[in-house]
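Indexing begins at 1, ligand by ligand and atom by atom, following the structure's order. The basis for the numbers below is simple: all heavy atoms, side chains too, and nothing from hydrogens, waters or symmetry mates.
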Amino acid sequence: MSDKQRVVLVTGGMGGLGETITTKMIDAGYKVAVTYSPGNNKHAEWVAGMKANGYDVVAVACDVADFDSCAKAVGEVRSGLGEIDVLVNNAGITRDMTFRKMDKANWDAVRRTNLDSLFNMTKQVADGMVERGWGRVINVSSVNGSKGAFGQTNYSAAKAGVHGFTKALALEVARKGVTVNTISPGYIGTKMVTAIPKEVLDSKILPQIPLGRLGQPAEVAGLIIYLASEEAAFVTGANIAINGGQHMQ
Ligand code: CAA
């Protein structure tokens, strides 16, 4: 890492994947802030627990689907830790159901949280990264954005949109020292995946994964740490799969 201790903001940083990204990035020498959804009343407890384990984290409430909420949250992180060098757009939700059962509210909620959030959050930090001549935007998509998934028209559409955003923004900031990349995790052992009905997971999903197991959050965090590093300066506009071989492109 450079002499400066870089600042990372992880959206959804208290979630299954987010918490591991947070601890691994602190281990790697970054200052880390996380967003949590405004309805989450466990945040103080979580921050205290992290601190007790030696992880000093700034946590700010933020509805990533809401532009003004993102502006406020990023302002708070700036006051607490300084300018943001690395943005990890990780927050996401599922509302799985077959298309015929899906109503507009479940379509909109997933699109707003998983796709509109990229505009809402990245808009707060992109100018600063360009002005300082260094930045990393890492967008968490999904294997299901590339291959589709039964019960996920909303999620697959939003996650496919993530990579379009990545490629366009990567072009615009390529000469400014800022990289923009997508990572597409497969099925990782987090609450989002363990919430899938067990018979569906065992009979429909695990058999599709050549490695024969779910991924681990730490494996995804390792990839994010690489993309945030100086060594990854030549990687931009990429969509890096991390899915145990489930979908090869
Ligand atoms: N592939 C093919 N057929 C499937 C299927 C699948 N993955 N899942 C269900 N079906 C079939 C069922 O076998 C059933 O068939 P029959 O009518 O012939 O018996 C039919 O579809 C209806 O299934 P359900 O009764 O389960 O329908 P439902 O409406 O109750 O539930 C569902 C549908 C909510 C989509 C449920 O199947 C489900 O939760 N599936 C998992 C969806 C999934 O993979 N989500 C990923 C979450 S993790 C994540 O998103 C992280 C990431 O990025 C990877």
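- In summary, K42 and E19 do not engage in a salt bridge, as defined by a charged side-chain N under 4.0 Å from a carboxylate O.
- Taking each heavy atom of S146 and N239 in turn, the nearest pair found is OG-ND2, 4.2 Å.
- When the options T182, T166, T122, N120 are evaluated for a side-chain hydrogen bond (donor to acceptor under 3.5 Å, both in side chains) with N89, the one that passes is T122.
- Counting heavy atoms closer than 4.0 Å to ligand 1, residue I188 contributes nothing at all.
- For atom 14 (C) of ligand 1, the nearest protein heavy atom is 4.0 Å or more away.
- Which parts of ligand 1 touch G186 is read off a 4.0 Å heavy-atom cut-off, strictly below it: atoms 54 (C).
- Of all the listed residues (Y187, Y155, F150), F150 holds the heavy atom that lies closest to atom 9 (C) of ligand 1.
- Residue-environment remark: NZ (K147) exceeds the threshold of 12 foreign heavy atoms within 6.0 Å.
- Under 4.0 Å is where a charged nitrogen must lie from a carboxylate oxygen, and between R111 and D116 at least one such pair does.
- Atom 12 (C) of ligand 1 has K204 CE, 4.5 Å as its closest protein atom, hydrogens excluded (heavy atom only).
- Here D96 has heavy atoms under 4.0 Å from ligand 1 in both its backbone and its side chain.
- Between Q152 and ligand 1, an N or O atom pair is found at a separation short of 3.5 Å.
- Set against the non-hydrogen atoms of N144, the atoms of ligand 1 under 4.0 Å away are 54 (C).
- In the vicinity of T94, heavy-atom distances shorter than 4.0 Å reach the ligand 1 atoms 50 (O).
- Nearest heavy atom pair, residue N181 against residue G237, reads OD1-N, 3.2 Å.
- The nearest pair of heavy atoms linking E83 to V7 is O-CB, 3.3 Å.
- Here the CD-CG distance, from Q208 to N243, works out to 10.5 Å after rounding to the nearest 0.5 Å.
- A cation-pi arrangement is not found for R112 relative to W107, the charged atom failing to lie both closer than 6.0 Å to the ring centre and inside a 45° cone about the ring normal.
- Taking every non-hydrogen atom of V200 and a distance limit under 4.0 Å, the qualifying atoms of ligand 1 come out as 37 (O), 40 (N), 41 (C).
- For atom 17 (O) of ligand 1, the nearest protein heavy atom lies 4.0 Å away or farther.
- Distance check for atom 53 (O) of ligand 1: a protein heavy atom is found below 4.0 Å.
- Counting all heavy atoms, side chain and backbone alike, A73 lies closest to A61 at CB-O, 3.7 Å.
- In this structure, atom 25 (O) of ligand 1 has its sub-4.0 angstrom surroundings free of protein heavy atoms.
- No N or O atom of T98 sits closer than 3.5 Å to an N or O atom of ligand 1.
- Within 4.0 Å of atom 1 (N) of ligand 1, at least one protein heavy atom is present.
- Atom 27 (O) of ligand 1 has its closest protein heavy atom at K101 NZ, 4.2 Å.
- Heavy-atom minimum distance, I93 versus Y155: O-CD1, 3.3 Å.
- Residue-ligand proximity, I205 to ligand 1, at heavy-atom distances under 4.0 Å covers atoms 44 (O).
- Distance screen at 4.0 Å: atom 29 (O) of ligand 1 has a protein heavy-atom neighbour inside the cut-off.
- Heavy atoms only, all atoms of each residue included: A149 and S156 are closest at N-OG, 3.4 Å.
- For ligand 1, the atoms sitting less than 4.0 Å from at least one non-hydrogen atom of G151 are 35 (C), numbered in the order shown with element in parentheses.
- Counting only heavy atoms, the protein gets under 4.0 Å from atom 50 (O) of ligand 1.
- A salt bridge does not link E172 with K167: none of the charged nitrogens is closer than 4.0 Å to a carboxylate oxygen.
- Atoms of ligand 1 lying under 4.0 Å from any heavy atom of S142, numbered from 1 in the order shown and given with element: 52 (C), 53 (O), 54 (C).
- Distances shorter than 4.0 angstrom occur between a heavy atom of P197 and an atom of ligand 1.
- Here the side chains of V235 and L227 are in contact, with some heavy-atom distance below 4.5 Å.
- Close approach to V193 involves these atoms of ligand 1, each under 4.0 Å from a residue heavy atom: 48 (S).
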